[in-house]
Protein chains: 2
Amino acid sequence: MQVKYNSPMSEKTTRSSCPVNFSLELFGDKWSLLIVRDMLFRQLQNYGDFLSSPERISTNILANRLKQLEGNGLIQKFPDPSDRKKYIYLLTEKGEDLLPVLLEMIRWGIKYSDKTAVPQEIRRRLESDIDGFIKETRTAIRDKRDALLNSHALVT
Amino acid sequence: MQVKYNSPMSEKTTRSSCPVNFSLELFGDKWSLLIVRDMLFRQLQNYGDFLSSPERISTNILANRLKQLEGNGLIQKFPDPSDRKKYIYLLTEKGEDLLPVLLEMIRWGIKYSDKTAVPQEIRRRLESDIDGFIKETRTAIRDKRDALLNSHALVT
DNA sequence: ACAATAACTTGCAATATGCAAGTTGAAATT
DNA sequence: AATTTCAACTTGCATATTGCAAGTTATTGT
């Protein structure tokens, strides 16, 4: 079998030990953070969901990015207990920790884009209750992860 | 003359009106934020400086990214008053506003990379004095920009 | 058994990247 | 005034990544 994607054998050589560079090597492209965004803010969790996101990622790129994100420990893949032909992708804690990065990108995007589609409620909380918003989002994700880890433990 | 890079005529079609996507379309690649980092934290300001950064950007990519960043209003290019064969690249306010994004990426990178090279002083301030650190960095950048805008006004 | 559906893979053209070498224009040197 | 130097790019080209369309595989539901 051919070695492709980010398998251990095709390890990318890291360009430097700067943390910015480290981050960019894991998610510095036009798609990875959109997938993380969909998981953080839109509760999307399976392949088809991501495919229907408004940016229209193509299926081969999606497969590749999911593999990379999983390989880098940002997401985890589970069989869907309620539908055996589906899989559920969830953020790990490492992936969940990208929330502050995403939030700052959203603030910047809102400030400099003429036309942003952000629900007023989220916009308000970004301005006046960012800590509460972070906590709430994190809790929601953790709950989902815990629920699935349990159900998965029961199934296996 | 051929139209290349991000000239108005080759305008990229935007994939969606999400602010995360907006951000990614302007700096979602492996190099742009490294240049911004060099300007924010390392006081680099000319072509040769960026070329010698540890990640070894190649010269055509650097030229391309500087043009993009300038075209998108994140940086500005000035003739160097002290050396007429040099140019000085400085962040605009729009570029400077990426500081919080970069800082969150640094926090994440420090947390998840085994081997990060971050001066202890910066690491400490990230933890205990992030607001002060932001203010200080911003002031330094603004001062430089103002100084150059004045000198430039005098020269032209 | 047969069609439908979710999650991918494959083929291939178009685009972007990385490396080496070349060009340009201002300044200093001869 | 001609020549060299140097910073800032451009160009050519091989390789890698992307994007689009179509195909494959493994469950299910009928």
Side-chain angles (χ1 to χ4, degrees), chain A residues 1-7 10-16 24-25 27-32 34-35 38 44-71 75-90 155, chain B residues 1-7 10-16 24-25 27-32 34-35 38 44-71 75-90 155:
Chain A
M1 194 196 185
Q2 272 294 92
V3 175
K4 286 177 179 178
Y5 316 104
N6 258 15
S7 85
S10 67
E11 207 74 51
K12 296 268 193 326
T13 68
T14 160
R15 298 178 295 184
S16 81
L24 290 173
E25 296 197 345
F27 54 79
D29 69 271
K30 299 221 183 299
W31 293 109
S32 300
L34 289 180
I35 298 172
D38 283 348
L44 304 193
Q45 46 184 23
N46 54 55
Y47 201 88
D49 289 344
F50 302 128
L51 275 184
S52 355
S53 254
E55 291 86 6
R56 316 318 327 269
I57 189 170
S58 53
T59 176
N60 55 340
I61 304 292
L62 175 58
N64 172 274
R65 293 307 191 277
L66 289 173
K67 222 165 273 189
Q68 275 183 215
L69 289 170
E70 194 185 4
I75 65 177
Q76 245 181 312
K77 183 183 183 179
F78 302 94
D80 186 332
S82 73
D83 181 345
R84 297 208 34 211
K85 58 186 162 186
K86 286 191 176 183
Y87 293 94
I88 292 183
Y89 292 94
L90 293 184
V155 169
Chain B
M1 196 196 186
Q2 272 295 91
V3 175
K4 285 179 180 179
Y5 315 104
N6 258 15
S7 86
S10 66
E11 207 73 52
K12 294 268 193 326
T13 69
T14 158
R15 299 177 295 183
S16 82
L24 289 173
E25 296 197 345
F27 54 80
D29 70 88
K30 298 221 184 298
W31 293 109
S32 300
L34 289 180
I35 298 172
D38 283 349
L44 305 194
Q45 46 183 24
N46 55 53
Y47 201 87
D49 289 344
F50 302 127
L51 275 184
S52 358
S53 254
E55 291 86 6
R56 316 317 330 267
I57 190 170
S58 54
T59 175
N60 56 339
I61 304 292
L62 175 58
N64 172 275
R65 292 308 191 276
L66 288 173
K67 221 165 273 189
Q68 275 182 215
L69 289 171
E70 193 185 4
I75 65 175
Q76 245 180 312
K77 182 184 182 178
F78 302 94
D80 187 333
S82 72
D83 180 345
R84 298 208 35 211
K85 59 188 162 184
K86 285 192 179 183
Y87 293 95
I88 292 184
Y89 292 94
L90 291 185
V155 169

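Order of the sequence lines sets the chain letters (A, B, ...), proteins ahead of strands, with each chain counted from 1. Values in this document were obtained by computation on a predicted structure and should not be read as measured data.
Atom CG of B/Asn60 is separated from atom P of C/dA21 by 14 Å (rounded to the nearest Å). Rounded to a whole Å, the CD1 atom of A/Ile57 is 14 Å from the P atom of C/dT9. The CZ-P distance, from A/Arg65 to D/dT18, rounds to 4 Å in whole Å. Protein atom CG of B/Leu34 is 13 Å distant from nucleotide atom P of C/dT17, rounded to whole Å. Protein atom CZ of A/Arg15 is 11 Å distant from nucleotide atom P of C/dC19, rounded to whole Å. One atom, CD1 of A/Ile35, and another, C1' of C/dA7, lie 14 Å apart when rounded to the nearest Å. Atoms CD1 (B/Ile61) and P (C/dA20) sit 14 Å apart, rounded to a whole Å. We find that CG of B/Asn64 is positioned 15 Å from P of C/dT15, with the value rounded to whole Å.
For C/dA27, the OP1/OP2 oxygens have a side-chain nitrogen or oxygen of B/Arg84 closer than 4.0 Å. For B/Trp31, a side-chain nitrogen or oxygen approaches OP1 or OP2 of C/dG18 to under 4.0 Å.
B/Ser32 places no side-chain N or O within donor-acceptor distance of the main-chain N or O of B/Gly28, the cut-off being under 3.5 Å.
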Tabulated below should be each protein N or O lying under 3.5 Å from an N or O of nucleotides 6-9 of chain D; please produce it.
{"residue": "D/dC6", "atom": "O4'", "partner": "B/Lys85", "partner atom": "NZ", "Å": "3.4"}
{"residue": "D/dA8", "atom": "OP2", "partner": "B/Gly48", "partner atom": "N", "Å": "2.7"}
{"residue": "D/dC9", "atom": "OP1", "partner": "B/Lys77", "partner atom": "NZ", "Å": "3.0"}
{"residue": "D/dC9", "atom": "OP2", "partner": "B/Tyr89", "partner atom": "OH", "Å": "2.2"}

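In terms of the side chain to side chain donor-acceptor pair (under 3.5 Å) criterion, A/Tyr89 has no residue partners (sequence neighbours excluded).
Evaluation of the salt bridge (Lys or Arg N to Asp or Glu O under 4.0 Å) test over residues 81-90 of chain B, restricted to residues two or more places apart or in two chains, returns none.
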Evaluation steps, side-chain contact (heavy atoms from CB on, under 4.5 Å), between A/Thr59 and A/Tyr47: CA-CA 9 Å; A/Thr59 176; A/Tyr47 201 88; 2.9 Å; yes
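The distance from atom CD of A/Gln45 to atom CG of A/Asp38, rounded to the nearest 0.5 Å, is 12.0 Å. For the atom pair CZ (A/Arg65) and NZ (A/Lys30), the distance works out to 11.0 Å, reported to the nearest 0.5 Å.
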